[in-house]
Structures are given as structure tokens and as C-alpha cells.
Amino acid sequence: MKHNIAVLLSGNGSNLQAIVDNNIDISFVVSNNPKALGLKIAKNENIPWYCWQNISELEKEVLKLILEYDVKLLVLAGYMRLLSKNFVNSL
């Protein structure tokens with residue numbers, strides 16, 4: 001069953017790994033940190049992944065991806081940045 005979730009992360013990806021280990025389908029992974037080990041997990045699991053360091057660009061692109069992948073749940077799995085009010089209200 002497709003769960004249509006997306007994951008935002010910033011670091012090691014331990015929360016992402018827990019989601020993967022529980023056989024939950026992930027539509028895509030996004031990080032603001034190009035060195036985040038969680039991106040390596042996504043790559044190894046063949047999950048589409050994206051990275052933008054500019055937060056306003058990240059938010060804009062994530063909103064596009066949510067529509068493209070028909071995501072129903074956005075999981076902040078260790079994502080260490082505050083999301084803007086505009087971004088949250090857009091969801």
C-alpha cells in the first residue's frame with residue numbers, strides 16, 4: 001500500500017531509517033544539508049531525494065514535489081530548521 005509520505009531531514013537519517021525499516025513507502029526525501037547521511041540512506045533505498053540549502057527555495061520546491069507526488073503526510077524526521085508560516089499555511 002502506498003502511503004504517500006515525504007520526509008524532510010537534516011542529519012544522520014536515523015528517523016528515516018526507522019521509517020524504512022517499518023516498510024513504509026516514502027515518495028521522496030528532502031534535506032537542506034548536502035552532507036546529511038539521510039540522503040545516502042534514501043539513495044541506497046532508491047527513494048528520490050532532493051537537497052536545497054536555500055530555505056526559501058527548499059520550501060518552494062517541496063510544495064511543488066508534494067503536488068507532483070500527491071503526498072498526504074510530510075514527516076519532519078530530524079529536520080532542524082523552522083518552516084515559514086507561508087509554507088505551513090500552504091499545506
Side-chain angles (χ1 to χ4, degrees):
M1 180 169 115
K2 187 78 169 162
H3 290 85
N4 291 353
I5 73 165
V7 176
L8 266 64
L9 56 83
S10 291
N12 291 333
S14 57
N15 293 321
L16 174 64
Q17 189 64 60
I19 294 167
V20 167
D21 289 347
N22 281 283
N23 298 316
I24 297 172
D25 293 323
I26 301 167
S27 296
F28 65 87
V29 171
V30 174
S31 181
N32 64 309
N33 177 4
K35 295 181 181 179
L37 296 178
L39 294 177
K40 184 181 261 187
I41 293 169
K43 184 178 179 181
N44 290 342
E45 294 292 331
N46 295 315
I47 301 168
W49 59 271
Y50 306 89
C51 184
W52 292 277
Q53 290 180 286
N54 178 292
I55 300 306
S56 62
E57 184 180 358
L58 179 143
E59 289 182 354
K60 183 177 111 179
E61 296 301 325
V62 167
L63 288 173
K64 288 179 190 176
L65 290 169
I66 286 171
L67 292 173
E68 180 182 333
Y69 285 91
D70 192 30
V71 166
K72 303 299 182 199
L73 179 65
L74 182 62
V75 178
L76 305 181
Y79 184 73
M80 300 303 291
R81 301 286 307 222
L82 291 176
L83 297 169
S84 73
K85 182 178 179 179
N86 288 339
F87 178 80
V88 173
N89 288 338
S90 296
L91 297 175

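Keep in mind the model is a prediction, meaning the values are calculated, not measured. We count residues from 1, following the sequence as given.
- Tracing side-chain contacts under 4.5 Å through hydrophobic residues (I, L, V, M, F, W, Y), one never reaches Val7 starting from Leu37; they form parts of separate clusters.
- Scored by the side-chain hydrogen bond (donor to acceptor under 3.5 Å, both in side chains) test, Ser90 finds no partners at all (sequence neighbours excluded).
- A donor-acceptor pair under 3.5 Å is absent between the side-chain atoms of Asn4 and the main chain of Lys72, judged by distance alone.
- Using a 4.5 Å cut-off on side-chain heavy atoms (C-beta onward), Ile5 and Ile19 make contact.
- Between atom CG of residue Leu9 and atom CG of residue Asn33 there is a gap of 8.5 Å, rounded to the nearest 0.5 Å.
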### Query
Where do Glu61 and Lys64 land on the salt bridge (Lys or Arg N to Asp or Glu O under 4.0 Å) test, with the steps shown first?
CA-CA 5 Å; Glu61 296 301 325; Lys64 288 179 190 176; 3.4 Å; yes
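- What you find for Gly38 and Leu16 is that their closest heavy atoms are O-CD2, 3.4 Å.
- Between Glu45 atom CD and Gln17 atom CD the span is 6.0 Å, to the nearest 0.5 Å.
- Rounding to the nearest 0.5 angstrom, the gap separating the OG atom in Ser14 from the CD1 atom in Ile41 is 7.5 Å.
- Here the OG-NZ distance, from Ser10 to Lys35, works out to 14.5 Å after rounding to the nearest 0.5 Å.
- Through direct or indirect side-chain contacts shorter than 4.5 Å among Ile, Leu, Val, Met, Phe, Trp and Tyr, Ile55 is connected to Leu8, Phe28, Val30, Tyr50, Trp52, Leu58, Val62, Leu63, Leu65, Ile66, Tyr69, Val71, Leu74, Leu76, Tyr79, Leu83, Phe87, Val88, Leu91.
- Just one of Val20, Ile47, Val75 meets the side chain to side chain contact (heavy atoms under 4.5 Å, CB included) condition when paired with Val29; it is Ile47.
- Once rounded to the nearest 0.5 Å, the distance linking NZ of Lys60 with CD of Glu57 reads 6.5 Å.
- Heavy atoms from other residues, nucleotides or ligands lying under 6.0 Å from CG of Leu82 number 12 at most.
- For Asn44, there are no side-chain hydrogen bond (donor to acceptor under 3.5 Å, both in side chains) partners two or more places apart in sequence or in a different chain.
- To the nearest 0.5 angstrom, Asn54 atom CG is 9.5 Å from Glu59 atom CD.
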